[in-house]
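In what follows, a single structure is set out as structure tokens and then discussed.
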Amino acid sequence: MYCIKCGVELADSEKVCPLCGTPVFHPDLPCGQGEPPYPPDHRPRVDEVSRAGVLFVLTVLFVLPAVISVLCDWRMGNGIVWSGYVVGGLVVLYVAVVLPLWFKRPNPAIFVPIDFIVIGLYLFYINFATHGHWFLTFALPVTGTIGVLVTTVVTLLRYLSRGHLYIFGGALIAGGGLAVLIEFLLNLTFGLHHTFIWSFYPLAAGVLLGAMLLIIAVCK
């Protein structure tokens with residue numbers, strides 16, 4: 001047996017080379033278990049944390065303020081006056097943030113329209129509670145149009161591996177047209193103006209940026 005550094009011949013009992021001090025490696029002897037270079041990590045791993053338990057705690061954190069607000073509202077006013085807005089806001093936030101976490105692989109093409117449906121129902125409740133007349137002529141078409149636009153973009157981005165510039169370019173142009181629709185519905189519902197004033201600015205920006213992305217996509 002020889003030293004791996006200086007090549008001097010070594011006896012079988014040597015543990016360190018007497019010439020250069022290099023530790024001797026005995027390939028025929030079993031290697032002992034030495035001390036690890038780092039102290040053991042006793043922190044719980046991510047896979048050891050119960051996913052259902054965490055989601056249950058989050059659900060309780062949403063349900064608890066909703067119940068407290070309803071009880072306080074009922075106790076102070078003998079009816080439901082303001083707590084409905086709190087409960088509705090918590091439901092919208094829960095559906096948008098916590099509900100997809102219950103699934104291992106949530107599909108945004110499914111959850112995005114659900115989010116907008118819940119938002120529409122919340123706006124319908126506000127319209128009903130305040131005795132308003134703006135839901136059918138303003139909130140519903142605006143929420144529905146934005147929901148369709150966002151759902152379309154998310155679905156195309158998820159299922160198409162190419163053509164993202166076309167998708168974003170078309171979304172910008174459609175977003176500019178959405179601004180015109182919003183101003184038209186505002187004028188129709190609330191009678192603010194008799195003509196278009198501000199919506200042409202986002203329309204022009206959306207058309208220019210969208211056309212730029214489409215030109216870049218075509219002329220690679």
Side-chain angles (χ1 to χ4, degrees), residues 49-158 171 174-194 196-199 201-203 206:
V49 179
S50 175
R51 181 185 181 90
V54 173
L55 293 175
F56 174 76
V57 172
L58 292 177
T59 303
V60 172
L61 293 178
F62 275 86
V63 173
L64 186 60
V67 174
I68 292 176
S69 63
V70 171
L71 293 178
C72 293
D73 191 13
W74 185 271
R75 181 68 176 176
M76 292 185 297
N78 294 326
I80 303 299
V81 180
W82 52 267
S83 59
Y85 306 113
V86 178
V87 175
L90 290 173
V91 170
V92 172
L93 187 61
Y94 183 87
V95 172
V97 178
V98 182
L99 184 60
L101 299 179
W102 284 97
F103 300 86
K104 292 183 177 180
R105 295 181 179 179
N107 189 349
I110 296 176
F111 283 99
V112 168
I114 292 177
D115 295 339
F116 279 96
I117 291 175
V118 175
I119 292 173
L121 293 176
Y122 182 46
L123 294 176
F124 175 75
Y125 170 77
I126 296 176
N127 178 78
F128 175 77
T130 57
H131 304 287
H133 303 283
W134 45 266
F135 179 77
L136 292 178
T137 58
F138 179 73
L140 181 61
V142 170
T143 305
T145 304
I146 297 176
V148 171
L149 177 60
V150 175
T151 303
T152 302
V153 172
V154 170
T155 304
L156 292 176
L157 291 176
R158 179 175 177 83
L178 178 63
V180 177
L181 175 64
I182 292 176
E183 186 177 18
F184 170 76
L185 294 176
L186 283 172
N187 296 335
L188 179 65
T189 305
F190 304 102
L192 300 180
H193 306 285
H194 297 287
F196 296 98
I197 297 178
W198 56 266
S199 60
Y201 300 106
L203 174 63

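- Thr137 is linked by a side-chain contact (heavy atoms from CB on, under 4.5 Å) to Thr189, counting only residues two or more places apart in sequence or in another chain.
- Within 6.0 Å of the CZ atom in Phe184, the count of heavy atoms belonging to other residues, nucleotides or ligands does not exceed 12.
- Using a 4.5 Å heavy-atom cutoff, the side chains of Leu93 and Phe62 are in contact.
- Among all heavy-atom pairs drawn from Ala174 and Leu149, the shortest one is CB-CD1, 3.7 Å.
- The two residues Gly84 and Ile80 make their nearest non-hydrogen contact at N-CG2, 4.1 Å.
- Note that CG of Leu123 is 5.0 Å distant from OG1 of Thr143, once rounded to the nearest 0.5 Å.
- Rounded to the nearest 0.5 Å, atoms NE2 (His193) and CH2 (Trp198) are 9.5 Å apart.
- For Thr151, there are no side-chain hydrogen bond (donor to acceptor under 3.5 Å, both in side chains) partners two or more places apart in sequence or in a different chain.
- The side-chain hydrogen bond (donor to acceptor under 3.5 Å, both in side chains) search around Asn187 returns none, not counting sequence neighbours.
- Counting heavy atoms from C-beta on, the side chains of Thr130 and Tyr85 come closer than 4.5 Å.
- Nearest heavy-atom pair, Ala171 versus Val153, reported as atom, atom and distance to 0.1 Å: CB-CG2, 3.7 Å.
- Expressed to the nearest 0.5 Å, how far CG of Leu99 lies from CD1 of Ile114 amounts to 6.5 Å.
- In terms of heavy-atom proximity, Val87 sits nearest to Ser69 at CG2-OG, 4.1 Å.
- With rounding to the nearest 0.5 Å, the separation of CG in Leu90 from OH in Tyr122 is 8.5 Å.
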Can you give the donor-acceptor pairs under 3.5 Å from side chains of residues 51-60 to other protein atoms, not counting sequence neighbours?
from	atom 1	to	atom 2	distance (Å)
Arg51	NE	Leu101	O	3.1
Arg51	NH2	Leu101	O	2.5
Arg51	NH2	Phe103	O	3.2
Thr59	OG1	Leu55	O	2.8
Thr59	OG1	Tyr94	OH	2.9

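- Partners of Trp74 by side-chain hydrogen bond (donor to acceptor under 3.5 Å, both in side chains), not counting sequence neighbours: none found.
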Show, in sequence, the C-alpha distance, side-chain angles and deciding distance for Ile182 and Phe138, and conclude whether the side-chain contact (heavy atoms from CB on, under 4.5 Å) test is met. CA-CA 8 Å; Ile182 292 176; Phe138 179 73; 4.3 Å; yes
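- Atom OG1 of residue Thr145 and atom CZ of residue Phe116 lie 10.5 Å apart, to the nearest 0.5 angstrom.
- Within the 4.5 Å cutoff, the side chain of Val95 has no heavy atoms near those of the Phe111 side chain.
- Within the 4.5 Å cutoff, the side chain of Met76 has no heavy atoms near those of the Val81 side chain.
- More than 12 heavy atoms of other residues, nucleotides or ligands sit less than 6.0 Å from atom OH of Tyr125.
- Across Ser199 and Ala179, no two heavy atoms sit closer than the pair CB-O, 3.4 Å.
- To the nearest 0.5 angstrom, Leu181 atom CG is 11.5 Å from Leu203 atom CG.
- Nearest heavy-atom pair across Pro108 and Val154 is CB-CG1, 3.5 Å.
- Every residue was checked against the ring-ring contact (aromatic ring centres under 6.0 Å, His included) condition with Phe128, not counting sequence neighbours, and none meets it.
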